[in-house]
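Beneath this line is the structure, given in structure tokens, with notes to follow.
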Amino acid sequence: MTPIAIIDFETTGISPNMGDRATEVAIVMLEGGQVVDRYQSLMNAGVRVNSFITQLTGITNEMVQAAPAAEQVMREAARFVGGRPMVAHNAAFDKKFWQAELARCGEDGAHPFACTLLLSRRLYPQAPNHKLGTLAALHHLPSSGRAHRALADAEMAAHLLAQMQHDLKTRYGCSQADHALLMGLQRTSRHMVGPYLKQRAAA
DNA sequence: TGCCAGGCCCTCTTTAGGGCCTT
């Protein structure tokens, strides 16, 4: 099965269109339900980190200023991902930073992104909410570091994805819980999840 | 000066509004 690249960005804000930039990126490779490789780096995009972000993430201006240039980090990250399909929690957010930061260094960010937030809303509608930390606690997933740091959050999202793949196989009989199935599932309306998984399990 | 995202999803909807989720 093709490895899936799970990505998480820490940034200066929520919108690259409003001038926000990435400060840290982490990518973990998930294969056969196991994390098999990792990439993580702070990055210096030449912007200041405000106090709210420092309080949220622990990332300071000193840390960012000492980090390698954003272009260098993003090129390394793109090489690490290669042509593999990608996943993020609330992928709309990470996808726009992935594309915006890669566009700045002339790289193509046109990867298919699946979203553990959308998948969670379909697979775990009973969850009290669909924040990454809540879902990790709900499923008793391992924690590997401070929340709101890129590598810890990427690993948490990878563990959540592995849990989803496990549930798709054991609860719904989907033997190939691959990226194509995930993309189909997240495009499926909440009311059609059962029929969709039944059809995929029979395929 | 004050404000600024955006895609998804639910419902007291669909000729719309507001909450969730990410930093």
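So you know, we letter chains A, B, ... as the sequences are listed, proteins then strands, and number each from 1.
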Closest contact, heavy atoms only, A:Arg84 versus A:His111: O-CD2, 3.5 Å
Among B:dT23, B:dC10, B:dC21, the nucleotide that comes nearest once only the side chain of A:His130 is considered: B:dC21
Sugar-phosphate, base or nothing in reach of A:Asp20, heavy atoms under 4.0 Å: nothing
Rounded interatomic separation in angstrom, taking NZ from A:Lys131 and C1' from B:dC8: 17 Å
Interatomic distance at C1', B:dC21 relative to B:dT15, whole Å: 28 Å
Considering all heavy atoms, the nearest A:Cys174-A:Leu181 contact: CB-CD1, 3.8 Å
Spacing of A:Arg187 atom CZ relative to B:dG7 atom C1', expressed in whole Å: 15 Å
B:dG19 versus B:dC12 - spacing of their P atoms, nearest Å: 14 Å
A:Phe9 and A:Trp98 aromatic ring geometry - parallel, tilted or perpendicular at 30°/60° bounds: tilted
Side chain proximity check, A:Val193 to A:Leu185, heavy atoms < 4.5 angstrom: yes
For DNA chain B, the residues among residues 91-102 of chain A that have a non-hydrogen atom under 4.0 Å from it: A:Phe93, A:Lys96
Short side-chain N/O contact from A:Asn17 to OP1 or OP2 of B:dC4, under 4.0 Å: no
DNA chain B contacts among residues 43-53 of chain A, heavy-atom distance under 4.0 Å: A:Phe52, A:Ile53
Minimum side-chain heavy-atom gap A:Ile7-A:Val25 below 4.5 Å: yes
Which nucleotide in B:dA5, B:dT23, B:dC8 has an atom nearest any side-chain atom of A:Ser15: B:dA5
C1' gap between B:dA16 and B:dT23, integer Å: 28 Å
Interatomic distance at P, B:dT13 relative to B:dC8, whole Å: 22 Å
Any A:His89 side-chain N or O less than 4.0 Å from OP1/OP2 of B:dC21: no
Closest nucleotide among B:dC8, B:dT23, B:dT22 to the A:Thr57 side chain: B:dT23
Per A:Met18 side chain, nearest of listed nucleotides B:dC21, B:dT23, B:dC4: B:dC4
Upstream residue (5' side of DNA chain B) when A:Ile14 and A:Thr23 are each assigned their closest nucleotide: A:Ile14
Sugar-phosphate only, base, or nothing, as touched by A:Leu118 at under 4.0 Å among non-hydrogen atoms: sugar-phosphate
